[in-house]
2 protein chains.
Amino acid sequence: MQHFAYHSEENYLKTLYKLEDKKVKKVNNTALSKALELNPATVLEAVRKMSEKKLVTVLADKTIQLTDKGRKKALQIVRRHRLWEVFLVDKLNYKWDEVHHIAEQLEHIEADSLTERLEAFLGNPTVDPHGDPIPDESGKLKRIKTQPLSEAPWNKKLTIVALGNSSDEFLKYLNKIGLSIGATVEVAEVEDFDKSITILHKKSSITLSNEAANTLLVAL
Amino acid sequence: MQHFAYHSEENYLKTLYKLEDKKVKKVNNTALSKALELNPATVLEAVRKMSEKKLVTVLADKTIQLTDKGRKKALQIVRRHRLWEVFLVDKLNYKWDEVHHIAEQLEHIEADSLTERLEAFLGNPTVDPHGDPIPDESGKLKRIKTQPLSEAPWNKKLTIVALGNSSDEFLKYLNKIGLSIGATVEVAEVEDFDKSITILHKKSSITLSNEAANTLLVAL
DNA sequence: ACAATAAATTTGGTGAACCAAATAAAATTG
DNA sequence: CAATTTTATTTGGTTCACCAAATTTATTGT
């Protein structure tokens, strides 16, 4: 009876999936090590083991890729993570920028039935509080068609449905300016000079940098 | 960034608390090792470390005792465990004999705010699904006054409020015969020969061994 | 092509939590 | 009280996830 839990493999797979999802072309040992903030030697060893287990493949050019088996496992973790985030926000009234750390722990709880019951309890949500889709039991996910706010048409009601990146800093920034998933906004003006953008939200106007507008995704 | 979590100390403390709670007089290394199903050498080393941290004291006769500090930590784990059990049973509709294993994992999630929010979300329950009291934030617990069913008066409506032991086997047995915390029963007859007891429950009569009747605790 | 740079890999270590087996100390029992 | 049995403790190992510092193997710019 070990009184500690190894989650490392799950974290490697999840991180590989995240990179793949972000369309990072060539995920090599260096990239993965940086993403995980781990020593390359450590990551190399872990990749070897996962490769033996057919969870990842190392291509001739050293690119590390998830196998279907590995991706399925990764999506299972992503599923758990996102469902717990919904729980924390919807049921325990956490703010969306506070839940990541806790969900990182909850995602590793092992119990086949737990995830399914949790999902039903939450009313079968399809997206997490950041607008990211929740994979189904088999690991499939419905990608939502979105468009960066920076490319959306002017003077039209738009709904923010997801974020291009859910970093803590960005979430806090959004909180500060009062924007969140589900918010209705309208592009009022785009500044030619720096592509900054002014939007209308709840009768007040907000100016966003092009970077921010690129990261806010609206329904297409 | 370690991708695994050490819960061992929490488990040692919790187990020590359980033994103390069960009024096991002399908890020595052998007793603790058996309770944890670990090698005595392992436990000895762990006790040494906890002793350095002033979580336990080893008496002259080798009895291992929790310090106030250690007991407080242990009660924190017990609190989390019992709150999660309530969540699993009340919200996710698990049966009370299915939740222990999952709660054992959930109890180690670290986030100060989580336990308090969970408690509020569950409506500040005072007992878990097995009738065991839930310690408050500071580690205090209200002990419920109970009496074994075997010693309760005859022909009087009694409410089962707790169990003397929550082993899987016992929980399953109770499930099978249809008894649970909150059930109202009445002692109809006690057999002189073997002290087995016949009770009335929802209009049907159930015969229990003395052992079972001893383990069912009714409100005093 | 070749030196500079970067990435991959190897080597040798660490600490935590575990174990089996040997030994020492203590308790029990005839 | 001496012999047996039970406990406690020590010793030497293991595995896992990690690291730092070489070393080897690309890659790249000139």
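In what follows, chains carry the letters A, B, and so on, assigned in the order in which the sequence lines appear, proteins first and then strands, with residues in each chain numbered from 1. We use all heavy atoms of the structure for the numbers below, so side chains are in, but hydrogens, waters and symmetry mates are not.
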OP1 or OP2 of [N] versus the side-chain N and O atoms of [X]: is any pair under 4.0 Å?
X	N	value
B:K62	C:dA25	no
B:Y12	C:dA16	no
A:T42	D:dA17	no
A:N28	C:dA8	yes
A:R48	C:dT10	yes

Expressed as a whole number of angstroms, how long is the span from [X]:[atom1] to [N]:[atom2]?
X	N	atom1	atom2	answer
A:E10	D:dA17	CD	P	12 Å
B:L38	C:dA20	CG	C1'	14 Å
B:N11	C:dA17	CG	P	11 Å
A:N29	D:dC19	CG	C1'	14 Å
A:E45	C:dT11	CD	C1'	12 Å
B:K26	D:dT6	NZ	P	15 Å
A:H7	C:dA16	NE2	P	19 Å
A:L44	C:dA6	CG	P	20 Å

Return whichever of A:P40 or A:D61 has its heavy-atom-nearest nucleotide of DNA chain D closer to the 5' end.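 Looking at DNA chain D, the more 5' nearest nucleotide goes with A:P40.
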
Within 45 degrees of the axis of the six-membered ring of B:F121 and under 6.0 Å from its centre: does B:K91 put its NZ or CZ there? yes

When we call it a touch if two heavy atoms are under 4.0 Å apart, what does [X] touch: a base, just sugar-phosphate, or nothing?
X	result
A:K34	nothing
A:K49	sugar-phosphate
B:T30	sugar-phosphate

Measure the shortest side-chain to side-chain distance between A:M50 and A:K53 over non-hydrogen atoms and say whether it is less than 4.5 angstrom.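 A:M50 vs A:K53: side chains apart.
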
Side-chain heavy atoms of A:L174 within contact of A:L163, under 4.5 Å: yes

Nearest non-hydrogen partners of [X] and [Y], listed with the distance:
X	Y	answer
B:A31	B:V27	CB-CA, 4.4 Å
A:S113	B:I102	OG-CD1, 4.5 Å
B:P40	B:N29	O-OD1, 3.3 Å

Candidate list B:H7, B:R80, B:K14, B:E10, test side chain to side chain donor-acceptor pair (under 3.5 Å), partner B:H108, passing option: B:E10

Under a plain distance cut-off of 3.5 Å, with no hydrogens placed, do B:S150 and B:N210 share a side-chain donor-acceptor pair?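 Per modelled atom types, B:N210 and B:S150 side chains form no pair under 3.5 Å.
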
Go through residues 70-78 of chain B and report each residue with a non-hydrogen atom lying under 4.0 Å from DNA chain D, sorted by number.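 None, since no heavy atom is under 4.0 Å.
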
For A:D194, does the CG atom sit with more than 12 other heavy atoms under 6.0 Å from it, leaving out its own atoms?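 Result for CG/A:D194: enclosed.
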
Listed once per pair and sorted, the ring pair (Phe, Tyr, Trp, His ring centres under 6.0 Å) pairs that draw on residues 17-48 of chain B, sequence neighbours left out: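 Found none.
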
Ignoring hydrogens and angles, are the base of D:dA20 and the side chain of A:N39 linked by a donor-acceptor pair under 3.5 Å?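 In this structure, the two groups form a donor-acceptor pair.
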
So how far off straight is the helix from C:dA1-D:dT30 to C:dG30-D:dC1, going by the axes through five pairs at either end, to 10°?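 About 10°, once rounded to a multiple of 10°.
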
